[in-house]
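Ligands are counted one by one from 1 in listed order, and the atoms in each one are counted from 1 as well. Values below: every heavy atom of this structure, side chains too, minus hydrogens, waters and symmetry copies.
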Amino acid sequence: MAGAGPKKSKVFRYLKYIFLAVLCVLLSLFTVALLRTLSLNVNVGLQLAHWEETNHIGLDLSQRQREEMLTRFKEAIRIPTVSYSPTDLNTTALREFSSLLRKAFPTVFASSLVQHEVVAEYSHLFWVQGSQPDLLPYMLLAHIDVVPASESDGWEAPPFSAKEIDDFIYGRGTLDNKECVMGILQALEYLLLRGYAPRRGFYIGLGHDEEVSGFNGAMNVARLLEQRHVQLSFLLDEGLLVVDGVLKGLDGPAALIGVTEKGMATVKLSVITAPGHSSMPPRESSIGILAAAVKRLEDNPMPMLFGQGPERGTFEHLAHKFNFPLRFMASNLWLFAPIVGRFLALKPETNAITRTTTAVTMFNGGVKYNILPSVAEAYVNLRIHSAHSVREVMDLMEWTVGDQRVRMDLVEGFDPLPVSSYSETSFGFQILKKSILDVFPQLTVAPGVCMANTDSRHYKDLTTGVYRFAPIWAKPGDAQRIHGINERISKKNYEDMVGFYSTLIQNCDVRTLPESHSGVHEF
Ligand SMILES: CC/C=C\C/C=C\C/C=C\C/C=C\C/C=C\C/C=C\CCC(=O)O
Ligand SMILES: N[C@@H](Cc1ccccc1)C(=O)O
Ligand SMILES: [Zn+2]
Ligand SMILES: [Zn+2]
């Protein structure tokens with residue numbers, strides 16, 4: 001065994017160097033990460049800049065006006081403008097809603113500054129003329145229709161009652177989306193009453209079939225504007241909101257502005273086998289084959305893509321508001337994205353940020369208990385992450401199911417929407433951010449990905465600045481109220497909505513953004 005000793009110590013000497021090298025690398029990685037943690041505060045920027053002075057009319061509502069405005073909002077909630085399918089809308093309710101708008105906002109309809117058109121029978125387009133026609137107009141969107149609701153699902157108040165419980169107004173449409181429909185027009189009504197005339201002109205579009213894709217309402221409004229060669233500075237629709245306690249470890253509430261929305265695919269799965277007598281069954285039925293396929297889809301979620309889309313920007317903007325160790329991780333997604341992603345995947349509303357989601361929504365098969373089912377069908381609704389496409393998702397699904405007997409047809413689908421700018425030079429984003437902070441100084445503003453779809457996707461040829469946000473206060477559990485039971489909004493929140501739109505409309509009167517580090521920007 002001669003020579004073993006010196007060899008060993010040689011190896012030991014190398015090991016020592018390797019260990020030192022690894023330590024050095026780790027230390028420098030740690031230093032980089034720490035520096036990023038300390039320096040990453042993308043949230044200051046234009047807040048400190050000097051904004052052009054414009055007159056600001058405060059709302060200063062009297063008690064009587066407050067009550068009046070809540071009464072009108074409740075009236076809107078009581079009209080059951082339900083969309084069941086593109087061919088099954090409650091048109092009686094939609095017609096009634098048009099009359100309510102005229103009654104509730106007489107100044108809007110009478111003003112010489114406002115032009116109103118009905119589009120596709122039940123949708124509305126308003127043009128509010130600006131005194132400076134060289135300023136590019138912007139547009140506010142909302143939708144009148146709602147999804148169905150039945151009291152027997154467990155509502156504390158009938159869903160079309162607008163009943164008040166503990167300073168909340170309950171009802172279908174209080175969060176999605178009559179608070180925006182009424183909030184926008186109420187703000188305009190008060191501004192016009194106080195003699196306000198905008199410098200920058202703007203459109204208001206109210207769709208009537210958003211919940212069934214908007215192919216009649218939003219699509220035709222957008223088409224009309226395209227025919228008129230309208231270009232928009234930016235567009236604001238429903239979508240993301242204020243999250244308060246929803247993201248664990250975040251200090252204080254945050255306003256998330258949707259700068260994009262996920263894509264969607266509805267896929268029909270079907271299995272066909274020979275029918276026959278149930279007394280002589282084959283080993284597998286069409287129902288069994290389909291059930292196994294569906295189970296494989298649920299057991300194998302789409303890959304984790306957290307950090308590969310604009311959700312990365314969300315966490316970088318919020319990083320300085322997270323407590324340790326989350327601040328360290330959110331500032332260094334280049335290293336920690338897989339860990340943060342896994343953590344977010346624990347809850348459905350944050351899992352939706354991390355991947356393309358798979359929801360099995362319908363399942364049918366069989367006609368009689370003693371006939372072997374010849375056809376079994378299921379529908380899967382996928383919401384596609386920004387880093388995925390319909391094509392890729394279909395391929396992944398086929399691979400996961402891995403059974404030639406399961407036929408897959410794409411019923412409807414579209415890719416994720418383009419990402420709107422959220423830089424310091426983006427007029428739309430910065431005006432929204434300023435308006436949010438003017439009304440709610442306690443908020444942190446960040447870009448986000450809207451997990452559901454909105455009417456705004458029909459407007460993508462009119463502007464590249466599409467934003468999805470309303471200042472709805474969402475606490476833990478509130479996300480489930482949207483399309484769910486006990487949808488409600490606090491009275492204070494509705495008043496704040498009106499205040500927000502009033503401020504936003506007036507803030508849009510600036511000609512340009514103030515000078516930032518990167519220079520001046522003309523619009
Ligand atoms: C990347 C960051 C994004 C989200 C942050 C985390 C949590 C979000 C939590 C709750 C969000 C709740 C609701 C928003 C989702 C759906 C409503 C949006 C549009 C409605 C479209 C419609 O059905 O009419
Ligand atoms: N907004 C609804 C309905 C919708 C679906 C798909 C496209 C457009 C609208 C949703 O996201 O579920
Ligand atoms: Zn909606
Ligand atoms: Zn909805």
Of all N, O or S atoms in His483, identify the one at the shortest distance from the Zn ion (ligand 4).
NE2
Ligand 1 atoms nearer than 4.0 angstrom to some heavy atom of Val449 are 1 (C), 3 (C)
Enumerated ligand 1 atoms positioned under 4.0 Å from heavy atoms of Thr314
1 (C), 2 (C)
Please check whether Glu349 reaches ligand 1 - meaning an N/O of the residue sits under 3.5 Å from an N/O of the ligand, judged on distance alone.
no
Classify the side-chain pair His143/Asp209 by whether it contains a donor and acceptor separated by less than 3.5 Å.
no
Numbering as shown, the atoms of ligand 1 that approach Val246 to under 4.0 Å (heavy-atom distance):
7 (C), 9 (C)
Those atoms of ligand 1 less than 4.0 Å from some heavy atom in Ile482:
13 (C)
Near the Zn ion (ligand 4), is there an N/O/S atom from Asp176 that is less than 2.8 Å away?
yes
Around atom NZ of Lys347, are there more than 12 heavy atoms of other residues, nucleotides or ligands at under 6.0 Å?
yes
Between the Zn ion (ligand 4) and Glu211, which N, O or S atom of the residue is the nearest one?
OE2
Check whether any heavy atom of Asn177 sits under 4.0 Å from an atom of ligand 1.
no
Quick check for you: with the Zn ion (ligand 3) as the vertex, what angle do OE2 of Glu238 and NE2 of His143 span, to 10°?
90°
Give a yes-or-no answer on whether the side chains of Thr350 and Lys248 include a donor-acceptor pair shorter than 3.5 Å.
no
Would you please determine whether Ala474 falls within less than 4.0 Å of ligand 1 on a heavy-atom basis?
no
Arg468 to ligand 1, any heavy atom closer than 4.0 Å
no
Any ion pair linking Glu68 and Arg72 (charged N to carboxylate O, less than 4.0 Å)?
yes
Test: Asp409 and Lys268 ion pair at under 4.0 Å
no
In terms of its nearest heavy atom to atom 11 (C) of ligand 1, the top option of Asn453, Val146, Leu241, Ile353 is Leu241
Assess whether a salt bridge exists between Lys163 and Glu156, defined as any Lys/Arg side-chain N lying under 4.0 Å from an Asp/Glu carboxylate O.
no
Only heavy atoms of Ala479, strictly under 4.0 Å: list the atoms of ligand 1 that pass.
10 (C), 12 (C)
Please indicate whether Asp166 has more than 12 foreign heavy atoms, meaning atoms of other residues, nucleotides or ligands, lying under 6.0 Å from its CG.
no
Show which atoms of ligand 1 fall inside a sub-4.0 Å distance from at least one heavy-atom site of Ala452.
16 (C), 18 (C), 19 (C), 21 (C)
Looking only at side-chain N and O atoms, does Gln308 offer a donor or acceptor that is under 3.5 Å from a partner on His385?
no
Is the count of non-hydrogen atoms from other residues, nucleotides or ligands lying under 6.0 Å from Gln115 atom CD greater than 12?
no
Could you tell me whether Arg468 and Asp237 make a salt bridge, using a distance below 4.0 angstrom between a side-chain N and a carboxylate O?
no
